[in-house]
2 protein chains.
Amino acid sequence: MQLPPLKSLLYFKHAAELGSFKLAAEQLYVTQAAISQQIRSLETHLGCVLFERHTRKICLTAKGKLLLPHIRKAFEYLHHGVQVIEEDPQPAGLNLSVLPSFATCWLLPRISSFQRQHPNIRVRIDPSDSLVDFDAGEADLGIRFGKGHYPGLHSELLASDDMLLAYKPGLIDPSKPLKEQIKSNHLIMDICPDAERAWGILFDKLALTGVHEPHFLEIDNAALVMQATLAGQGVGMLRRQLIQPQLALGQLEIHPEFEIACDYQYYLAGPVGHFNWHKVKLFRTWLLGQFNSL
Amino acid sequence: MQLPPLKSLLYFKHAAELGSFKLAAEQLYVTQAAISQQIRSLETHLGCVLFERHTRKICLTAKGKLLLPHIRKAFEYLHHGVQVIEEDPQPAGLNLSVLPSFATCWLLPRISSFQRQHPNIRVRIDPSDSLVDFDAGEADLGIRFGKGHYPGLHSELLASDDMLLAYKPGLIDPSKPLKEQIKSNHLIMDICPDAERAWGILFDKLALTGVHEPHFLEIDNAALVMQATLAGQGVGMLRRQLIQPQLALGQLEIHPEFEIACDYQYYLAGPVGHFNWHKVKLFRTWLLGQFNSL
DNA sequence: TCTATGCTTAAGTTTTTCTAATGTGAAATC
DNA sequence: GATTTCACATTAGAAAAACTTAAGCATAGA
């Protein structure tokens, strides 16, 4: 025996319970046309009309009334089943999967504030380059620098960022032409698309060509690029979010005329169900607060 | 609260019950890769592993075992609900929606055989040019001439057909060149893509050009084309299935060297659930028998 | 060690589903 | 009784989901 498209049954349930395609559409975050089409498709499959369409409201037909309680019950079971699975197995420990550079430069310096607010939650930070397998339960949540496309996961935009030209105070004099100063310093770069792109844009802007290998100091980790820059070894191309504290303390300076928006952005990502966990809600709130207080 | 993709839950149920992705794939008429992907997607959504993968078999994990009974129950409700709706409201009456020409030339001459076999089923034939709305319950089943694409409906190929050059015996002499004989007769055609195409192909074959309007007798119904041809008013382009009885009786002849397969085919179509109805099963069997006995 | 089996992965295609824009008709308002 | 408004229907085109094919991989069993 063949079931109709399952999605159409879900839409039917919502439409029937609300007595309106429009409200169902709002509840399900789709357009009203989507509901209309799914209901029609369901009716075609079943070979009968489920709703009487009146101008201001819709009513279930006899068949519709017959169908609804079964469908409702079915979805209750689905919900309950999923809920059981999605319960937090370890409410007192929060495991975060974070990019190493972000962990070092951003999260670690601030995390004590979260710990102070919620001393009963033990935070563990797992620095890893790629999004960890949530399946295995190794992480509860991930903070990623990307485009927000994490198939199967829920994700939420945290903040954007810019690439800045940073250096130890005095190394560059912004009042003098930048071109010559760039040529006479080491250029410290992270091996990442945004940094490479930013250097390219800067070179174009300055009409700089033929910058040779020795000029560049390539480092595989933004945290180390910052360290090298802090130590005055050259000019670094760094993300604003990561050097915020150093700028505030005057340990680094940035060139006022250079700033390139990153292609990527910071996202909070994880399985949908995790976002209902108490510890995750607390962390999310704290995190958004940290970003907004900058 | 957000449910995972519903399809993945269905696949999970089958895979869990069968203990094998491969068997689930067979049962669901998809490839095993599809199952694998859906299960992975479900696991990603839930953020936990549901199956332990061993080489020859898979086992549910603790979480998987927790989930299965809920999902199973949910689908039982869905099935039951749909089953209730899909019950035959009128088991003693069979309403067929059929193209007018097919009804006249094919179905009506044969339907008495079905009536004799099943005298307790009252057949009603509704000739209509387009596929009727099954939603309103006006028809139980449709016989269509098309490509088998009836979205939302189940459809089943019944037979193919060919376009033939038919005429009253004696009107055309197959032993003489066809070209001149075509030129000197009226050409009777149905206004339908297959007939128009077939005439085009014939003209190309005979290198016939400049056949003028008066040559053609255009009639909007294949049954009437046959009548005109039977009356000796000209040469008709007709489908084999529709003129079978006339050929057998010698009332019509066909040119032995011309035969063009139709683009379209005959399909039996209707809502999936209707195919479980007793009266529909009987009719389907009879219909297939009729086509195969030709 | 070799082979067969069943799951995984990747790439490309097809199908489904969605949105945006527009149409329609009956109630509500003026 | 004209006009507006509101909710649903329809369409075409875009986006996303799901499927298939064709590989790859690991292991049990010969």
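Letters go in sequence order (proteins before strands), and every chain restarts at 1. No experiment lies behind these values; they were computed from the predicted model shown.
Note on A:D161 versus A:R240: no salt bridge recorded, every NZ/NE/NH1/NH2 to OD/OE distance being 4.0 Å or above.
Taking the side chain as every heavy atom from C-beta outward, B:F12 and B:L60 approach each other to under 4.5 Å.
No donor-acceptor contact under 3.5 angstrom links the side chains of A:E52 and A:T61, judged on distance only. Neither side chain, A:R144 nor A:S155, offers a donor N or O lying under 3.5 Å from an acceptor on the other.
From one end of the helix from C:dT1-D:dA30 to C:dC30-D:dG1 to the other, with five pairs defining each end axis, the axis direction shifts by 30° (rounded to 10°).
Rounded to whole Å, atom P of D:dA15 lies 15 Å from atom NZ of A:K147. If you take CZ of B:F12 and P of D:dA18, they are 17 Å apart, rounded to a whole angstrom. Taking atom CG on B:L10 and atom C1' on D:dA18, their separation rounds to 13 Å, with Å as the unit. Going from atom CD1 of A:I58 over to atom P of D:dC6 covers 18 Å, rounded to whole Å.
For residues 39-51 of chain B, proximity to DNA chain C is found at B:R40, defined as any non-hydrogen atom under 4.0 angstrom from a strand atom.
Sorted by first then second residue, the side chain to side chain donor-acceptor pair (under 3.5 Å) pairs that include residues 24-33 of chain A, not counting sequence neighbours, are A:H14-A:Q27, A:K22-A:E26.
The aromatic ring centroids of B:Y77 and A:H70 lie 6.0 Å or more from each other.
Note that the first and last nucleotides of DNA chain C, 5' to 3', having any atom under 4.0 angstrom from a heavy atom of chain A are C:dT17 to C:dA27.
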Annotated protein contacts, base or backbone, on nucleotides 19-30 of chain D with a non-hydrogen cut-off under 4.0 Å, one of B, S, - each
BBB-----BB--
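Other residues, nucleotides and ligands contribute more than 12 heavy atoms inside 6.0 Å of the NE2 atom of B:H54.
The aromatic rings of B:Y150 and B:Y267 sit perpendicular, their planes meeting at an angle over 60°, well past the 30° parallel limit. Between B:F102 and B:F291, the angle of the ring planes stays under 30°, which puts this pair in the parallel group of the 30/60° scheme.
The cationic atom of B:R239 (NZ for Lys, CZ for Arg) lies less than 6.0 Å from the six-membered ring centre of B:F145 and within 45° of the ring axis.
Listed by chain and residue number, nothing satisfies the side-chain hydrogen bond (donor to acceptor under 3.5 Å, both in side chains) test with A:E76 (two or more places apart in sequence, or in another chain).
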